[in-house]
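Written below as structure tokens is the structure these notes are about.
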2 protein chains.
Amino acid sequence: MVRTTRQRTAVAAVFDDLEGFHSAQEVHAKLRASGDSVGLSTVYRAVQALADDGELDSIRTDSGEALYRRCSTQHHHHLVCRGCGRTVEVAGPAVENWADRVAAEHCFADVSHTLEIFGTCAACRAAG
Amino acid sequence: MVRTTRQRTAVAAVFDDLEGFHSAQEVHAKLRASGDSVGLSTVYRAVQALADDGELDSIRTDSGEALYRRCSTQHHHHLVCRGCGRTVEVAGPAVENWADRVAAEHCFADVSHTLEIFGTCAACRAAG
DNA sequence: CCTGCATGTGAGAACCATTGTCAACAGGAG
DNA sequence: CTCCTGTTGACAATGGTTCTCACATGCAGG
Ligand SMILES: [Zn+2]
Ligand SMILES: [Zn+2]
Ligand SMILES: [Zn+2]
Ligand SMILES: [Zn+2]
């Protein structure tokens with residue numbers, strides 16, 4: 001029996017106003033700053049629950065930190081700016097097929113894949 | 001001035017006998033078990049140095065742990081078995097081009113990408 | 001409306017991979 | 001062989017994440 005609490009609602013709401021990927025720590029800080037404070041453990045539990053439900057996508061930093069973002073529900077990948085975090089969802093049917101074909105060639109089953117593209121966006125280049 | 005030490009040699013040698021990706025902690029344990037013990041900090045420094053030199057590839061676990069493997073030096077991606085860790089290097093020129101094109105379309109520069117495929121190999125399926 | 005209670009919360013401790021510290025050590029150039 | 005400098009490793013510190021558990025609170029069912 002899953003309950004609707006002020007905390008879970010608040011965490012979900014944070015991602016309404018956010019472009020790009022953000023960590024649980026950042027969400028916690030934003031909530032605290034907005035006066036709508038939520039415990040850190042609860043923020044971790046909430047983002048993980050949202051990610052499990054497919055409400056949030058998650059990726060990992062080079063340093064291993066988990067970042068979350070509200071995305072569309074279809075399968076897609078991300079083009080992420082290293083500077084500002086701005087994120088574009090991209091679809092690549094050809095890539096999906098290629099991955100499945102490669103796996104099949106080597107007799108692998110239950111295939112999944114991760115694919116992210118990183119770069120510097122035009123705005124960040126202009127900003128120097 | 002980079003020196004050749006027993007420790008660095010030992011760490012590099014561990015990857016000669018290893019298929020698949022392995023963590024610094026695992027390398028440390030293997031060295032200790034083989035009697036050729038090396039300090040944990042030193043193992044971390046060694047694998048990172050090897051990765052910087054392009055001698056090792058690294059990926060990150062779902063839990064954020066860093067894993068290393070000796071790979072060929074050309075650009076490639078990995079098809080990894082979730083069960084046994086067996087890894088196949090795969091090349092996908094079409095994917096490289098697609099990633100660059102997508103990034104260019106959105107005016108992103110300095111583009112890089114990560115792409116890994118996960119599955120279960122035939123041997124692991126047979127083993128149940 | 002109440003009440004009961006299973007579920008959710010949060011302050012703080014625990015975890016654990018990784019990194020920093022620094023005194024002792026040991027390649028290797030000269 | 002010597003000396004200098006890069007290297008090592010026991011240990012402490014970090015930092016993100018998870019666990020603990022006493023307390024609070026949604027939310028059926030009455
Ligand atoms: Zn997404
Ligand atoms: Zn940017
Ligand atoms: Zn590789
Ligand atoms: Zn396998």
Side-chain angles (χ1 to χ4, degrees), chain A residues 1-15 18 20-53 55-69 80 82 85 114 116, chain B residues 1-15 18 20-53 55-69 80 82 85 114 116:
Chain A
M1 173 88 235
V2 100
R3 283 179 198 171
T4 313
T5 64
R6 175 185 71 79
Q7 290 87 342
R8 293 213 245 256
T9 306
V11 169
V14 166
F15 288 95
L18 249 38
F21 282 86
H22 299 273
S23 68
Q25 306 262 2
E26 283 177 304
V27 172
H28 176 246
K30 276 180 205 300
L31 287 170
R32 168 165 300 198
S34 76
D36 198 13
S37 193
V38 172
L40 182 57
S41 305
T42 302
V43 173
Y44 272 101
R45 284 188 289 243
V47 293
Q48 277 161 14
L50 288 167
D52 286 349
D53 290 355
E55 290 264 328
L56 294 180
D57 265 19
S58 71
I59 59 177
R60 287 208 174 253
T61 293
D62 274 350
S63 67
E65 190 179 8
L67 305 181
Y68 301 86
R69 175 180 189 263
V80 183
R82 287 194 203 88
T114 66
E116 319 292 344
Chain B
M1 175 83 230
V2 144
R3 284 180 197 168
T4 312
T5 64
R6 174 185 71 79
Q7 290 87 342
R8 293 215 248 255
T9 307
V11 170
V14 167
F15 288 96
L18 250 37
F21 283 85
H22 298 272
S23 69
Q25 305 265 0
E26 283 177 303
V27 171
H28 177 247
K30 276 179 205 301
L31 286 170
R32 169 167 299 199
S34 77
D36 198 12
S37 192
V38 173
L40 183 56
S41 304
T42 302
V43 173
Y44 272 101
R45 286 187 291 243
V47 293
Q48 277 160 15
L50 288 167
D52 287 348
D53 290 354
E55 290 265 329
L56 294 180
D57 265 17
S58 69
I59 59 177
R60 285 205 176 257
T61 292
D62 274 349
S63 66
E65 190 178 8
L67 304 180
Y68 301 86
R69 174 179 188 265
V80 183
R82 288 194 202 87
T114 65
E116 317 293 344

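Keep in mind that this is a model prediction, so the values were computed, not measured. Protein chains get the first letters and strands the later ones, always in sequence-line order, with residue 1 at the start of each.
- Remark: A/D62 does not engage B/R60 in a salt bridge, criterion side-chain N to carboxylate O under 4.0 Å.
- Checking A/L67 against B/L40, the closest nucleotide of DNA chain D that is more toward the 5' end is the one next to B/L40.
- Contact check, A/R8 against C/dG8: a side-chain N or O comes under 4.0 Å of OP1 or OP2.
- The shortest distance between side-chain heavy atoms of A/V14 and A/H22 does not fall below 4.5 Å.
- Side-chain to base pairing of B/S41 with C/dG20: one donor and one acceptor N or O lie within less than 3.5 Å of each other.
- Nucleotide C/dT19 holds its C1' atom 16 Å from the CG atom of A/D62, rounded to whole Å.
- Summary of the strand contacts: B/M1 and B/G64 both lie near DNA chain C, and taking for each the nucleotide with the nearest heavy atom, the more 5' one is attributed to B/G64.
- Counting only heavy atoms from C-beta on, A/V38 has its side chain closest to C/dG10 among C/dG10, D/dC27, D/dG6.
- Note on B/S23: nothing from the nucleic acid sits closer than 4.0 angstrom, heavy atoms only.
- The phosphate of C/dA26 (OP1 or OP2) has no side-chain N or O of B/Q7 nearer than 4.0 angstrom.
- At least one donor-acceptor pair closer than 3.5 Å links the side chain of B/H28 to the backbone N or O of B/V38.
- Comparing C/dA17, C/dG27, D/dG9 by their closest approach to the side chain of B/E65 singles out C/dA17.
- Atom CG in B/D36 sits about 10 Å away from atom P in D/dG9, given to the nearest Å.
- Contacts of B/A66 with the nucleic acid, taken as non-hydrogen atoms under 4.0 Å apart, involve only primed sugar atoms and P, OP1 or OP2.
- Phosphate proximity of D/dT18 to A/Y44: absent, as no side-chain N or O sits under 4.0 Å from OP1 or OP2.
- In this structure, A/H28 places its NE2 atom 12 Å from P of C/dG12, rounding to the nearest Å.
- From B/E116, atom CD reaches atom CD of A/E116 across 11.0 Å, with rounding to the nearest 0.5 Å.
- Dashed line: the shortest gap from a side-chain N or O of B/S63 to OP1 or OP2 of D/dT18 is not under 4.0 Å.
- B/Q48 comes within 4.0 angstrom of the backbone, heavy atoms only, and of no base.
- Contact annotation: A/R6 side-chain N/O to C/dG10 OP1/OP2 distance is under 4.0 Å.
- Between B/Q25 and C/dC16 there is no side-chain N or O to OP1 or OP2 distance below 4.0 Å.
- The side-chain heavy atoms of B/F15 and B/L56, taken from C-beta on, include a pair separated by under 4.5 Å.
- Taking only distance into account, the side chain of B/R45 never meets the base of D/dG6 through a donor-acceptor pair shorter than 3.5 Å.
- A sub-4.0 Å separation between OP1 or OP2 of C/dT7 and a side-chain N or O of A/T5 is absent.
- Here the side chain of A/R3 is nearest to one of D/dG6, D/dT25, D/dT8, namely D/dT25.
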